[in-house]
2 protein chains.
Amino acid sequence: MFRLSKRVEYGLMALQHLARRSGVATAREIADASNIPYDLLAKVMQSLKRDGIIDSYQGVKGGYALMLTPEAIPLKRVIEALEEDVALTDCNANGAQGCDRFDTCTIREPLGGLQQKMAETFSGMTIAQLL
Amino acid sequence: MFRLSKRVEYGLMALQHLARRSGVATAREIADASNIPYDLLAKVMQSLKRDGIIDSYQGVKGGYALMLTPEAIPLKRVIEALEEDVALTDCNANGAQGCDRFDTCTIREPLGGLQQKMAETFSGMTIAQLL
DNA sequence: ACTAAATAGGATTCTTTTAGTCCTATATTT
DNA sequence: AAATATAGGACTAAAAGAATCCTATTTAGT
């Protein structure tokens with residue numbers, strides 16, 4: 001349906017939250033502040049951590065903090081960290097896998113061009129512009 | 001997952017087919033040529049017809065033909081004819097419906113800007129550029 | 001040492017969306 | 001009348017997305 005997933009929505013809200021308070025915030029705090037299901041947000045934060053966008057601190061007084069300035073975090077990176085790829089078709093993301101008309105297909109290449117434009121759009125906007 | 005739906009993929013293939021042969025083609029012919037499930041394509045053609053992108057002729061010797069030149073059919077129109085909207089979030093498409101954090105949400109507006117850029121991208125490419 | 005509060009992450013379930021199929025009706029040409 | 005199209009409703013199957021549950025580990029404070 002051509003939408004950002006909830007994971008991405010929640011991730012953006014969380015990063016916005018972290019950018020605003022510029023310190024450590026817990027997943028619980030963010031979930032409460034933005035009215036997001038805690039368990040789901042927890043996974044999102046783990047993904048962002050794995051990607052290196054944020055850092056995490058375990059234990060009491062723990063939480064998450066940005067590893068980068070908001071200006072240095074393009075939306076494209078957030079989306080990709082959250083296990084999606086900015087691609088219009090499967091074939092433009094994964095190649096022939098799973099498409100039985102890969103060879104004869106005549107829309108893949110032109111769509112590839114479009115896709116690149118979209119990728120540029122998502123690269124051009126950063127967390128800083130959400131503030 | 002941020003992909004075009006099969007409906008849109010099939011619709012683009014069909015329009016490309018019609019643009020190339022610039023005459024009447026049946027759904028069966030297009031389905032065979034592009035290796036698309038016939039039943040599904042039939043619905044897609046009906047939607048394109050309803051939108052006025054193509055015209056249809058019933059009965060033997062019937063089929064479909066473009067109502068517009070390929071240059072006059074932007075992808076955005078095709079996508080919308082096929083029951084999708086080019087929107088990044090539900091709220092940016094339907095307003096407050098179904099989102100319980102509509103009022104407090106702070107990512108909707110900036111995403112709206114992005115969305116508009118995307119819409120422009122999809123408006124800027126036409127069926128002619130698929131040829 | 002113990003407890004409380006965090007992150008880490010596996011497994012599962014529920015819901016929604018998308019894709020695909022089936023069947024019948026109607027129109028048109030031969 | 002028969003054959004070949006589109007029109008469209010109803011249904012089923014498969015996949016993806018969202019949400020929940022449970023347990024392990026880490027760490028600060030007492």
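Proteins come first, then strands; the chains are lettered A, B, ... in the order of their sequence lines, and each starts at number 1. Predicted model only: the values in this text are computed from it and were never measured. Any value given below was found using the heavy atoms of this structure, including those in side chains, with hydrogens, waters and symmetry copies removed.
One can place CG of B/D55 at 17 Å from P of D/dA5, the figure rounded to the nearest angstrom. Rounded to whole Å, the distance from CD on B/E9 to P on C/dT18 is 13 Å. The CG atom of A/L18 sits 11 Å away from the P atom of C/dT7 (whole-angstrom rounding). Computed from coordinates, the A/R3 CZ to D/dA18 C1' distance equals 16 Å when rounded to whole Å. The interatomic distance linking B/F2 (CZ) with C/dT17 (P) rounds to 17 Å, in whole Å. In this structure, A/N94 places its CG atom 15 Å from C1' of D/dA15, rounding to the nearest Å. One atom, CG of B/D90, and another, C1' of D/dA18, lie 13 Å apart when rounded to the nearest Å. Distance, A/K6 NZ to C/dT16 C1': 12 Å, rounded to whole Å.
A salt bridge links B/R21 with B/E29: the distance from a Lys NZ or Arg NE/NH1/NH2 to an Asp or Glu carboxylate oxygen falls below 4.0 Å. Classification of A/E9 and A/K6 as a salt-bridged pair holds, one side-chain N sitting under 4.0 Å from a carboxylate O.
Put simply, the side chain of B/R101 reaches to within 4.5 Å of the side chain of A/M13, judged on heavy atoms.
Stacking of B/R28 on the aromatic ring of B/Y38 is recorded, both the 6.0 Å distance cut-off and the 45° axial limit being met.
Minimum atom distance to the side chain of A/A27 is reached by C/dT7, of the listed C/dT7, D/dA18, D/dA5. Among C/dA6, C/dA8, D/dA18, the nucleotide with an atom closest to any side-chain atom of A/Y64 is C/dA8.
Side-chain N or O atoms of A/D51 include none that pairs as donor or acceptor with a backbone N or O of A/V78 at under 3.5 Å. Judged by distance alone, the side chain of B/T121 and the main-chain N or O of B/K117 form a donor-acceptor pair under 3.5 Å.
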Criterion side chain to side chain contact (heavy atoms under 4.5 Å, CB included) on B/V8 and B/S5, from CA distance to verdict: CA-CA 5 Å; B/V8 172; B/S5 67; 3.5 Å; yes
What verdict does the side chain to side chain contact (heavy atoms under 4.5 Å, CB included) test give for B/F122 and B/E80, after you've listed the backbone C-alpha separation in whole Å, the side-chain angles of each residue and the deciding distance to 0.1 Å? CA-CA 11 Å; B/F122 281 107; B/E80 287 170 349; over 6 Å; no
For A/L111 and B/L4, what are the C-alpha separation, side-chain angles and deciding distance, and is it a side chain to side chain contact (heavy atoms under 4.5 Å, CB included)? CA-CA 10 Å; A/L111 288 182; B/L4 295 176; 4.0 Å; yes
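Not one side-chain nitrogen or oxygen of A/T26 sits closer than 4.0 Å to the OP1 or OP2 atom of C/dT7. Look at A/S5 and you won't find any side-chain N or O under 4.0 angstrom from OP1 or OP2 of D/dA16.
In the region residues 31-49 of chain B, proximity to DNA chain D at under 4.0 angstrom, judged on heavy atoms, holds for B/Y38, B/K43, B/Q46, B/K49.
At the heavy-atom level, A/R50 lies under 4.0 Å from the strands shown only through sugar-phosphate atoms.
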Taking only N/O atoms, report every protein-nucleotides 27-30 of chain C pair under 3.5 Å with atom names and distance.
from, atom 1, to, atom 2, distance (Å)
C/dA27, O4', B/Q58, OE1, 2.8
C/dT28, O2, B/V60, N, 3.3

